[in-house]
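Labels below follow one simple rule: chain letters A, B, ... track the order of the sequence lines, proteins then strands, and each chain is numbered from 1. What's counted below: heavy atoms across the whole structure, side chains too, no hydrogens, waters or symmetry copies.
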Number of protein chains: 2
Amino acid sequence: MVVKNKGQANAIGEEKAEKRVFHNNDECPIRNVVAQIGDKWSVLILFALVEGPDRFNSLKSRVVGVSQRMLTQTLRDLEREGYVSRTVYPEVPVRVEYELTKMGRDLVKPLYQLVSWAEAHHDEIRRSRKVYDGRSESALDS
Amino acid sequence: MVVKNKGQANAIGEEKAEKRVFHNNDECPIRNVVAQIGDKWSVLILFALVEGPDRFNSLKSRVVGVSQRMLTQTLRDLEREGYVSRTVYPEVPVRVEYELTKMGRDLVKPLYQLVSWAEAHHDEIRRSRKVYDGRSESALDS
DNA sequence: CCGCATCCGTGCTGATACTG
DNA sequence: CAGTATCAGCACGGATGCGG
């Protein structure tokens with residue numbers, strides 16, 4: 001992440017010294033990971049695969065709304081990152097199974113913490129949005 | 001998460017368990033949270049604010065690369081979600097401080113787990129990318 | 001069944017200039 | 001200091017058609 005402080009102090013919540021500087025570049029592991037899982041379909045696909053290996057068209061059915069194009073593309077990206085493995089069974093017709101790798105199953109753990117938090121605070125977030133949007137409207141009063 | 005557990009046991013009969021269906025819509029708390037923090041600057045700004053309240057231009061210096069436009073916009077979004085509070089001190093010149101709310105500080109906890117994972121696996125991910133990209137090139141052999 | 005190729009609209013993003 | 005306004009580029013993502 002290129003945390004510039006006194007000599008590359010690692011991690012985030014450790015010392016309470018000077019305020020840290022954050023870089024968003026190719027070397028930033030935060031963005032390198034979050035940018036991928038933060039896209040439109042990655043998280044849903046990863047969680048679908050938690051329940052076990054699955055085929056392309058089965059995934060397409062289970063991840064409602066994903067297009068063929070985006071499912072292919074996202075699976076390729078996840079495979080490139082090393083989260084998902086792709087296995088082709090040369091049967092007739094061809095069967096292709098996608099499965100979480102060890103790193104993929106590892107990633108899902110902290111990800112699940114985040115999702116649990118999201119589910120627990122969903123209502124609170126939506127209330128906050130309504131309040132915020134309401135204030136914006138009332139700002140138009142004279 | 002809008003998990004629909006009904007039938008859906010289509011195709012290939014040998015499903016050992018019922019697999020869940022994931023929807024990406026406005027009601028999905030996963031996407032509702034991940035979509036926001038997954039954007040280009042949210043995580044870095046949130047982590048910058050973990051160290052305490054900060055002013056606009058200070059944040060702009062610490063989050064290297066962010067433009068004035070995106071910093072404003074992201075802070076507004078985070079405020080709307082309820083993660084960040086905005087306080088204006090009518091001094092001369094004006095001072096505006098941004099601070100994590102309780103929910104914001106709460107969110108950072110699971111987020112920190114994810115970031116720690118990211119830092120620990122950054123090298124492995126980059127190796128995986130190189131391998132993947134290497135395979136793509138060698139596929140051009142004859 | 002599992003894709004890839006192509007077209008194309010839309011929204012995110014940065015650069016720049018201006019305001020209270 | 002802390003924004004807002006406007007313009008332009010381009011990447012994201014959907015729809016469709018073709019191929020192994």
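Checked against side-chain contact (heavy atoms from CB on, under 4.5 Å), A:E99 has the following partners two or more places apart in sequence or in another chain: A:P53, A:S85. By the ring pair (Phe, Tyr, Trp, His ring centres under 6.0 Å) test, A:H121 is found to be paired with A:W117, residues two or more places apart in sequence or in another chain being considered. With sequence neighbours excluded, the residues that form a side chain to side chain donor-acceptor pair (under 3.5 Å) with B:R62 are B:E51, B:D54. Under the rule for a side-chain contact (heavy atoms from CB on, under 4.5 Å), the partners of B:A118 that lie at least two apart in sequence or sit in another chain are A:V33. For the side-chain contact (heavy atoms from CB on, under 4.5 Å) test, residues two or more places apart in sequence or in another chain that qualify with B:R69 are B:S67, B:Q73. With sequence neighbours left out, B:V92 forms a side-chain contact (heavy atoms from CB on, under 4.5 Å) with no residue at all. With sequence neighbours excluded, the residues that form a salt bridge (Lys or Arg N to Asp or Glu O under 4.0 Å) with B:K109 are B:D106. Applying the side chain to side chain donor-acceptor pair (under 3.5 Å) test to A:S42 and every residue at least two apart in sequence or in another chain returns A:Q36, A:D39.
Comparing the helix axis at one end of the helix from C:dC1-D:dG20 to C:dG20-D:dC1 with that at the other, each defined from 5 consecutive pairs, gives an inter-axis angle of 50° (nearest 10°).
B:Y89 comes within 4.0 angstrom of nothing in the nucleic acid, heavy atoms only.
By the 4.0 Å N-to-carboxylate-O rule, A:D26 lies too far from A:R31 to be salt-bridged with it.
If you measure from atom NZ of A:K60 to atom P of C:dC1, you get 11 Å, rounded to the nearest angstrom. Atom P of nucleotide C:dC2 and atom CG of A:N57 are separated by 4 Å, given to the nearest angstrom. Residue A:L71 contributes atom CG, which lies 17 Å from atom C1' of D:dT16 at whole-angstrom precision. Between the CD atom of B:E91 and the C1' atom of D:dC1 there is a distance of 11 Å, given to the nearest Å. In this structure, B:N24 atom CG and D:dG14 atom C1' are separated by 13 Å, rounded to whole Å.
Between A:Y98 and the phosphate of C:dG3, there is a side-chain N or O to OP1/OP2 separation shorter than 4.0 Å.
A distance-only check finds no donor-acceptor pair linking the side chain of B:S128 to the backbone of B:E124 [under 3.5 Å].
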Exercise for the section: At under 4.0 Å between heavy atoms, which parts of nucleotides 8-20 of chain C does protein reach? Answer with one letter per nucleotide, 5' to 3': B base, S sugar-phosphate only, - none. Expected result: -----BBB-B---
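Screening residues 81-95 of chain B for salt bridge (charged side-chain N to carboxylate O under 4.0 Å, His left out) gives A:R129-B:E81, B:E91-B:R95, B:R95-B:E97 as the qualifying pairs, with residues at least two apart or on separate chains.
Taking every heavy atom of residues 74-87 of chain B and every atom of DNA chain D, pairs under 4.0 Å involve B:R76, B:R86, by number.
The A:R55 side chain lies nearest to C:dC1 when the options are C:dC1, D:dA2, D:dC1.
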